[in-house]
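What follows is one structure encoded as structure tokens, with my remarks underneath.
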Protein chains: 2
Amino acid sequence: MQVLSYTEENYLKGIFKLTIEMADKTEAGTNEIATHLGVKPATVNDMLKKLKDKKLIHYERYGKSSLTKEGKKRAIEIVRKHRLWETFLHEKLAFNWDEVHEVAEQLEHIQSKKLIDKLDQFLNYPSADPHGDLIPNAKGELSILPRKTLIEELVGHQCKMVGVKDNSAEFLKYVDKLGLSINQPIKVKAKQAYDNQIDIEVNGKKHSISPKFAEQIIIVCPTCNKK
Amino acid sequence: MQVLSYTEENYLKGIFKLTIEMADKTEAGTNEIATHLGVKPATVNDMLKKLKDKKLIHYERYGKSSLTKEGKKRAIEIVRKHRLWETFLHEKLAFNWDEVHEVAEQLEHIQSKKLIDKLDQFLNYPSADPHGDLIPNAKGELSILPRKTLIEELVGHQCKMVGVKDNSAEFLKYVDKLGLSINQPIKVKAKQAYDNQIDIEVNGKKHSISPKFAEQIIIVCPTCNKK
DNA sequence: TATAATTGTTAGACTAGCCTAACAAATTTT
DNA sequence: AAAATTTGTTAGGCTAGTCTAACAATTATA
Ligand SMILES: [Mn+2]
Ligand SMILES: [Mn+2]
Ligand SMILES: [Mn+2]
Ligand SMILES: [Mn+2]
């Protein structure tokens with residue numbers, strides 16, 4: 001299996017994020033990839049041809065791009081490494097959860113199968129990183145975390161919003177106002193015994209929400225599902 | 001402080017090894033550096049000019065090269081990272097001592113002051129790596145390890161030969177035959193109470209040596225001097 | 001459907017890091 | 001001290017990855 005350059009790996013990961021990880025899309029445009037990676041479209045165009053030659057992406061002139069099976073496999077390996085390193089930094093080296101990404105961006109490119117498998121073992125096979133994002137296992141599979149609603153979440157845990165039950169405009173407008181969106185981390189700070197209000201923290205801002213509201217928010221909680 | 005490329009860092013480390021770490025030399029020649037790094041002299045020549053411009057080395061046309069104060073500081077940082085990572089791989093991830101170097105060669109280039117300081121702390125400020133080489137501290141200082149002779153070494157410890165007392169050809173020939181040399185790691189496997197013979201392992205090979213011989217071998221032992 | 005706006009491609013240029021081949025300086029040997 | 005050897009430099013060329021500027025195709029809008 002050919003070894004990819006640092007740059008090629010970043011392109012694969014970028015396309016992965018813009019397609020497979022975005023529920024509603026299966027292809028990514030050249031300009032879109034350029035914006036995501038912070039380079040110019042002309043640069044992306046060159047790389048798309050190269051990745052196509054290596055059979056890592058599907059691409060036709062003037063068309064959108066998507067990962068091949070092999071490309072997807074490679075992308076998942078990089079995501080796995082990124083998230084395991086973030087977990088290591090957070091759990092073992094006491095990095096704050098907002099400091100881990102930048103360093104993991106470098107560490108994800110270290111080439112050593114043994115290293116990453118040992119690291120996984122050392123961290124006790126975690127299923128999610130400090131941001132709540134799922135960590136693919138050594139086979140590239142994502143363990144599907146059980147979903148529940150925000151009302152069921154335990155105090156002190158940090159979960160991630162993955163969907164809503166109610167779809168009314170009224171409800172969604174309120175969701176939006178609280179700074180909530182798909183993949184948004186939410187921390188449950190407290191529950192009031194008196195009226196079952198729930199105190200949450202979203203993006204550094206604190207809110208108190210009603211149980212009626214909370215039971216409409218679908219979440220996954222990595223902490224609850226940790227080994 | 002400007003950030004150096006992966007390649008520039010490897011050149012600095014190479015010059016460091018060929019000069020400061022070699023007791024008898026203070027300068028390195030172009031061809032010598034080329035051989036050490038596995039590139040051609042013409043390539044080295046280009047880089048020497050570049051490193052000179054950045055004030056990281058002393059270099060004059062047709063002259064030998066040596067590190068400036070700043071260059072040395074940078075080189076020591078890289079060596080520190082390399083050896084801390086080797087220690088991490090060996091102690092925390094159960095890598096064999098002969099597997100760590102290759103991966104550390106990649107990890108040493110990760111840019112994050114916080115990462116390396118936290119790693120140092122996590123490893124409890126080790127003073128030597130799995131090969132017995134000294135690890136510079138965060139200030140770039142090397143703790144000078146006390147020397148003793150092989151006869152004083154404790155069973156189970158791995159030490160490193162740093163010199164000899166006897167200088168006779170007869171003795172040195174025997175030293176050589178056992179695979180011993182400066183910086184060679186030696187592991188003390190056992191001591192026989194009956195005749196004080198010492199069982200050692202050198203480079204995977206086992207030998208039994210006399211006390212008379214052992215007291216001529218000067219060593220340092222990182223394990224004995226660990227905090 | 002014609003026009004405008006957006007999206008994507010090409011050509012040409014640049015830097016870092018590498019190479020080979022030819023040459024020049026320094027050092028060693030005779 | 002001349003010749004031979006070793007060591008170091010230069011010129012020119014290559015690739016990966018980036019850019020700008022000009023242009024072409026596609027898509028949206030009037
Ligand atoms: Mn991240
Ligand atoms: Mn990256
Ligand atoms: Mn090493
Ligand atoms: Mn290196």
Side-chain angles (χ1 to χ4, degrees), chain A residues 2-15 18-19 22 24-67 71 74-75 78 105-106 108-109 111, chain B residues 2-15 18-19 22 24-67 71 74-75 78 105-106 108-109 111:
Chain A
Q2 70 200 311
V3 52
L4 303 178
S5 74
Y6 186 107
T7 310
E8 289 170 325
E9 289 196 341
N10 280 340
Y11 276 85
L12 288 184
K13 192 178 62 153
I15 298 170
L18 292 172
T19 57
M22 301 293 285
D24 54 333
K25 295 214 295 114
T26 58
E27 295 178 313
T30 303
N31 286 5
E32 195 186 353
I33 297 169
T35 306
H36 183 77
L37 296 178
V39 295
K40 300 290 164 187
T43 307
V44 173
N45 188 264
D46 284 347
M47 184 58 88
L48 292 179
K49 290 173 186 165
K50 198 171 144 197
L51 292 175
K52 188 199 168 151
D53 284 351
K54 294 194 175 187
K55 300 198 197 309
L56 295 166
I57 65 168
H58 300 293
Y59 164 73
E60 296 301 335
R61 206 154 160 271
Y62 288 104
K64 311 264 180 201
S65 304
S66 62
L67 297 174
R74 293 308 202 87
I78 301 158
E105 206 55 46
Q106 298 177 59
E108 72 189 1
H109 302 288
Q111 301 290 333
Chain B
Q2 70 200 313
V3 50
L4 303 178
S5 74
Y6 185 108
T7 309
E8 289 169 324
E9 290 197 340
N10 280 340
Y11 275 85
L12 288 184
K13 193 179 61 153
I15 298 171
L18 293 173
T19 59
M22 300 293 286
D24 54 333
K25 295 213 296 116
T26 59
E27 296 177 311
T30 303
N31 286 6
E32 195 184 353
I33 297 169
T35 306
H36 183 77
L37 297 178
V39 296
K40 299 293 164 184
T43 307
V44 172
N45 189 264
D46 285 347
M47 183 58 87
L48 292 180
K49 290 172 186 165
K50 199 171 143 196
L51 293 175
K52 190 200 167 153
D53 285 351
K54 295 194 173 186
K55 301 198 196 309
L56 295 166
I57 65 168
H58 301 293
Y59 164 73
E60 296 302 334
R61 205 154 160 272
Y62 287 104
K64 310 263 178 201
S65 304
S66 62
L67 297 174
R74 295 307 202 86
I78 301 158
E105 206 55 46
Q106 299 178 59
E108 71 189 1
H109 302 289
Q111 301 291 331

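Keep in mind that the numbers below use all heavy atoms, side chains included, and drop hydrogens, waters and symmetry copies. Letters A, B, ... mirror the listed sequences (proteins, then strands); counts begin at 1.
- For the atom pair Leu56(B) CG and Tyr11(B) OH, the distance stands at 14.0 Å (nearest 0.5 Å).
- Proximity note for Tyr62(A) (side chain, C-beta onward) versus dT9(D), dT18(D), dT9(C): the nearest is dT9(C).
- Heavy atoms of Thr30(B) sit under 4.0 angstrom from primed sugar atoms or phosphate atoms, though from no base atom.
- Interface residues of residues 3-15 of chain B facing DNA chain D, ordered by number: none; criterion, heavy-atom separation under 4.0 Å.
- Put simply, NZ on Lys52(A) is 15 Å from C1' on dT9(C), counting in whole angstrom units.
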With the sugar-phosphate defined as primed atoms, P, OP1 and OP2, and the base as all remaining atoms, what B/S/- string results for nucleotides 10-15 of chain D, 5' to 3', for protein heavy atoms under 4.0 Å? B-----
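- Salt bridge absent: Glu8(A) and Arg74(A) never bring a charged side-chain N and a carboxylate O closer than 4.0 Å.
- Between the CD atom of Glu27(A) and the P atom of dG8(C) there is a distance of 11 Å, given to the nearest Å.
- Partners of Asn10(B) according to the side chain to side chain donor-acceptor pair (under 3.5 Å) rule, which considers only residues two or more places apart in sequence or in another chain, are His109(B).
- You'll find the side chain of Asn45(A) reaches within 4.5 Å of the side chain of Lys49(A), heavy atoms only.
- When the C1' atom of dT28(C) is taken as reference, atom CG of Asn31(B) falls 16 Å away, rounded to whole Å.
- Listed pair Lys64(B) / dG8(D) meets the phosphate criterion, a side-chain N or O lying under 4.0 Å from OP1 or OP2.
- The CE-P distance, from Met47(A) to dG8(C), rounds to 17 Å in whole Å.
- Among all heavy-atom pairs drawn from Ala75(B) and Leu67(B), the shortest one is CB-CD1, 4.0 Å.
- Rounded to an integer number of Å, the gap from Asp53(A) CG to dA16(D) C1' is 14 Å.
- The side chain to side chain donor-acceptor pair (under 3.5 Å) search around Gln2(A) returns none, not counting sequence neighbours.
- To the nearest 0.5 angstrom, Ile15(A) atom CD1 is 11.0 Å from His58(A) atom NE2.
- The separation between Glu32(A) atom CD and dT27(D) atom C1' is 16 Å, rounded to whole Å.
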All N/O donor-acceptor pairs, side-chain side in residues 27-44 of chain B, below 3.5 Å, sequence neighbours left out:
unit_1   : atom_1 : unit_2   : atom_2 : d
Glu32(B) : OE1    : Gly29(B) : N      : 2.9
Glu32(B) : OE2    : Lys25(B) : NZ     : 2.5
Thr35(B) : OG1    : Asn31(B) : O      : 2.9

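- Atom-to-atom, NZ of Lys40(A) to C1' of dA13(C) comes out at 16 Å; the value is rounded to the nearest Å.
- Tyr62(A) is linked by a ring-ring contact (aromatic ring centres under 6.0 Å, His included) to nothing, counting only residues two or more places apart in sequence or in another chain.
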